[in-house]
Amino acid sequence: MALRGLLRLGELRIRVLDMAQARKHYVDRMGLHEVMEDADGLVYLKAWDEHDHHSIVLRETDRAGLDYFAFKVYDDATLTALAPKIEAFGLAVKEVPAGVYPKSGRRLEFVLPSGHIMQLYAEKEVIGNTMGYHNPGVTPDEGVVRGFRINRLDHVLLGGLNIDECARLFTEVFDFDMSEKIVDAETKSSMAVFLTGSTKPHDVAFVMQPEGGRFHHVSFFLESANDVIKAADLIGKYRIPVDVSVNRHGVTRGMTIYFFDPSGNRNEVFAEGYVHYPDVPTIVWDTDDIGHAGFSQDNVMRPSFYEVLT
Ligand code: FE
């Protein structure tokens with residue numbers, strides 16, 4: 001199996017303004033599973049078809065946004081090998097001992113040229129998806145798949161400066177591909193870069209913003225476009241604020257809905273999209289066709305897309 005190195009986006013810590021409201025949104029409405037609350041009041045969540053202990057951590061504070069995002073890597077030797085390469089790229093790497101982050105092995109932490117804190121870890125407690133690993137069948141027990149029927153954390157879109165430098169880190173040091181790119185029609189400078197270390201259309205993306213460290217959205221994968229429509233029904237039922245209702249991205253070809261958590265953090269549910277292979281050239285869109293790149297069914301780019309971040 002060829003996928004080694006960075007495996008996937010494994011964890012995001014999201015800042016929320018009110019934990020009771022956040023719980024209602026992420027657990028009761030969206031249907032993520034709460035697996036733990038720690039002594040500091042951080043709440044740990046997982047989607048049903050993830051095997052590791054958690055993928056989302058919520059932290060209550062007075063400013064919404066993203067504390068950090070973390071990729072899981074294949075094994076501890078991968079972490080050891082990556083540390084000097086990240087340093088050679090020019091980023092200071094801090095090692096965080098095992099156990100500082102609950103249920104997790106040691107981590108490498110560094111700040112991206114876009115201002116975001118990124119971590120890498122190789123180990124996290126495996127709790128499974130409730131189906132086991134021997135004759136598991138195809139669907140878990142009643143009640144495990146619930147709410148928006150979220151399979152797993154899919155990708156994150158980050159806003160900041162120096163997005164070409166971030167792309168260079170991911171492609172040169174982490175062996176990712178740039179699957180797609182949006183460039184300014186006149187200057188050809190990068191407006192957004194989409195990066196994959198797998199066969200997904202993207203695992204992480206960066207969009208140009210005048211200041212660093214901004215959080216555009218976290219995206220959750222649903223099994224089908226039909227599940228996206230069903231999630232839209234629940235979003236309407238529960239009066240969840242919507243940014244863009246059901247549409248298909250030109251970029252990635254994913255079916256999408258953007259909506260907001262009670263703290264104003266943007267969430268996405270996402271299904272379909274193409275399969276990426278590393279021999280496929282980067283797809284380039286320019287800002288002349290930005291409506292189609294963003295929302296291909298009505299070709300309208302919403303100003304909120306570039307203006308509302310946490
Ligand atoms: Fe997305």
Side-chain angles (χ1 to χ4, degrees), residues 8-12 14 26 30 32 47 55-56 65-66 69 71 114 116 118 148-160 163 166-167 170 176-182 190-209 214-225 227-229 231-232 235 240-261 264-276 282-283 285 290-310:
R8 61 177 171 275
L9 180 64
E11 184 173 314
L12 288 184
I14 300 171
Y26 287 100
M30 293 181 72
L32 294 172
S55 55
I56 298 289
L66 184 70
F69 71 103
F71 271 76
S114 57
H116 299 90
M118 177 170 175
F148 292 10
R149 306 179 63 79
I150 294 166
N151 279 47
R152 56 174 168 77
L153 175 60
D154 191 81
H155 64 267
V156 64
L157 178 54
L158 306 166
I163 65 173
C166 293
F170 275 82
F176 277 43
D177 301 314
M178 190 186 293
S179 53
E180 308 206 26
K181 181 176 181 174
I182 301 173
S190 304
M191 303 303 289
V193 293
F194 299 82
L195 299 152
T196 177
S198 66
T199 58
K200 287 155 58 182
H202 60 335
D203 291 294
V204 60
F206 294 89
V207 61
M208 271 301 281
Q209 279 289 306
R214 308 298 302 280
F215 179 34
H216 190 281
H217 68 267
V218 54
S219 185
F220 298 96
F221 187 82
L222 309 188
E223 210 160 78
S224 69
D227 282 348
V228 175
I229 307 274
I235 287 169
I240 293 171
V242 174
D243 186 18
V244 185
S245 198
V246 183
N247 213 306
R248 187 184 293 282
H249 288 304
V251 173
T252 72
R253 306 201 310 239
M255 289 300 295
T256 179
I257 307 170
Y258 286 135
F259 52 99
F260 295 102
D261 79 3
N265 296 303
R266 189 185 281 97
N267 298 162
E268 176 180 39
V269 285
F270 182 94
E272 305 186 342
Y274 54 77
V275 173
H276 169 81
T282 300
I283 296 165
W285 302 80
I290 191 68
H292 201 56
F295 303 103
S296 69
Q297 295 183 333
D298 60 7
N299 305 310
V300 177
M301 177 46 73
R302 282 71 174 169
S304 62
F305 192 84
Y306 293 108
E307 289 162 12
V308 181
L309 293 87
T310 52

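It should be emphasised that the depicted structure is a prediction, and the values quoted were computed from it without experimental measurement. Just follow the structure's listing: the first ligand is 1, and inside any ligand the first atom is 1. Basis for what follows: all heavy atoms, side chains included, without hydrogens, waters or symmetry-related copies.
Taking the six-membered ring where the residue is Trp, His249 and Phe295 present tilted rings, their angle falling between 30° and 60°.
Between His202 and His276, the ring centre distance reaches or exceeds 6.0 Å.
In this structure Arg302 satisfies the salt bridge (Lys or Arg N to Asp or Glu O under 4.0 Å) test together with Asp298, sequence neighbours excluded. With sequence neighbours excluded, the residues satisfying side-chain hydrogen bond (donor to acceptor under 3.5 Å, both in side chains) with Asn151 are Glu223. For Arg152, the side-chain hydrogen bond (donor to acceptor under 3.5 Å, both in side chains) partners at least two apart in sequence or on another chain are Asp154.
Proximity of a side-chain donor or acceptor of Thr256 to a complementary backbone N or O of Arg248 within less than 3.5 Å is not detected.
Sorted by chain and number, the protein atoms of type N, O or S within less than 2.8 Å of the Fe ion (ligand 1) are His155 NE2, His217 NE2, Glu268 OE1.
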